[in-house]
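Just below is one structure, and these are the notes that go with it.
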Amino acid sequence: MRCLVIIAAAFITASLSACVTSTVDEALFNSPSKGIGDATVVILGRRHASDYETEPGFIDCVGKHITAHDPSIEVIDELSFINELYPWFEPRTAPLHPQDIELLLQKKLVAQKLQALGTRYMIWIDGSTVRSDSAGSLACGVGPGGAGCFGFGTWDDDSSYEVTIWDFNRRAEVGRINTTASGQSYMPAVIVPIPIIAPVQVTACDSVGEQLLQFLSSEY
Amino acid sequence: MWGSTILIPRPAARAAYWRRSAYLLLAAVLTACGPNEVLVKGQFPAPLMQKLPLNIALWYDEAFSQHEFFDQAKGRSGSSWIVKTGEAQVDLWNTLLPGMFQQVRLLTEAPQKGSTIAGVDAILVPHIEELQYAIPAHTQIKVYEIWLRYRFELLSPSGAPLAEWSMTAYGKTPTAFLQSDEEAVNLAAVVALRDAGANFASQFRRVAPLQSWLANHLQQGTGPQQLSSQNIHSETALQTQRGVAQ
């Protein structure tokens, strides 16, 4: 009987997810007409703010979304890129404006490395996903007869990310995308807790990935 | 058979069982009371930059190479922290400096006035003056932070002071990234060390007390002083190529 309850709970958990509201604003100019060809793209997170950091997992998610939908686009891994170009992309030294690319390329070894990597577009993502509110209570107990939980919990997550696309050849910003997503997750528990999770960050990741694909891919 | 062995142990076995349980309980209690200890570990990439035509000798004193920071708990609810950065410091500077200078030699004895080290332009001695950390329990902000203040001494090959300057470094990591306080403090420390490397590498030519000395050495293009020292320190050439990964 308990086994059936667990299986049912697992099934319900897998099949339920809470709603997410997402908004995307984009301003793209000078888009490549036939994709980016043999050039590579690097996606980097901004880590300048004092109270948050763009999650490395989000950067990875956007990169995977792009390569999963258009395998011809080569996205360089963020950490590999930062290590290859150390110390010029640390929070202290990273270029903040497209004009700073010129200064960066004056360093001979940096210019050679970027040329070797074939980096045409540098995409900066700044933002984070935060838990904005939570309510409810959940109590769990263990006894000789078994274990169980009872209660109800709910929480809100909000994502906000700004994406800036720089063109290395033109030394200019060629596009900007803003995305926000919010959703409320629930966790009712009667013996077994059933999480109904709102995939807020994943939705924001997919939104950004889709917009970037429209910019970078010849197939979109 | 197995059940009877466990449930009804012989008196000697029972005593051993209780003794072992008591030791485990004591160990658990003592562990819970001990300070949080972080041995900072990370890998640091070599810098991508033109090397300066300087031959530098490098000396780490014990306070630097064995550096650790201890913070006593302020109250009953707080916890003490030991953050050991010495090993990671040595890793960082042993990787960074050979990428910045033509040649770097690691001294195995402290530089002394009156004894000249042959074949080097200067001796660099780093010191850690201060380390501060903040965890969410202190600040109510969901970020772990490490702040470091270094002091560098540049000495002539004969040990005379040439310049002295300070430098700060900062690293942080949000709570959401990692599972434990120790992991988060380690990552914040690694970020701070990378920042120290970035600050040193990008600002070295702009350090005010070094300007005239650097101008003399770089404009003249003179090689290292080839002195026939009578008291040469034992020294080891550092490997300049290091793995880059994390």
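By convention in this document, chain letters (A, B, ...) are assigned in the order of the sequence lines, proteins followed by strands, and residues within each chain are numbered from 1. All heavy atoms count here, side chains included; hydrogens, waters and symmetry mates do not.
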Whether over 12 other heavy atoms sit under 6.0 Å from Phe152(A) CZ: yes
Check whether Lys113(A) gets within reach of chain B through its side chain, its backbone, both or neither, counting any heavy atom under 4.5 Å. side chain
So does Gln132(B) have more than 12 non-hydrogen atoms from other groups sitting under 6.0 Å from CD? yes
Ring centroids only, cut at 6.0 angstrom: are Phe204(B) and Phe101(B) within range, meaning strictly under it? yes
Max heavy-atom pairs within cutoff under 4.5 Å with chain B, candidates Pro91(A), Ser128(A), Ser50(A), goes to Ser50(A)
Segment of Ala94(A) engaging chain B (4.5 angstrom heavy-atom cut-off): neither
If you count heavy-atom pairs under 4.5 Å between each of Leu85(A), Val110(A), Leu109(A), Thr93(A) and chain B, which one has the most? Leu109(A)
Given a strict heavy-atom distance threshold of 4.5 Å, which part of Thr129(A) is in contact with chain B: side chain, backbone, both, or neither? neither
Between Phe152(B) and Phe200(B), is the ring centre distance below 6.0 Å? yes
Answer yes or no: are there more than 12 heavy-atom neighbours, outside Arg205(B) itself, under 6.0 Å from its atom CZ? no
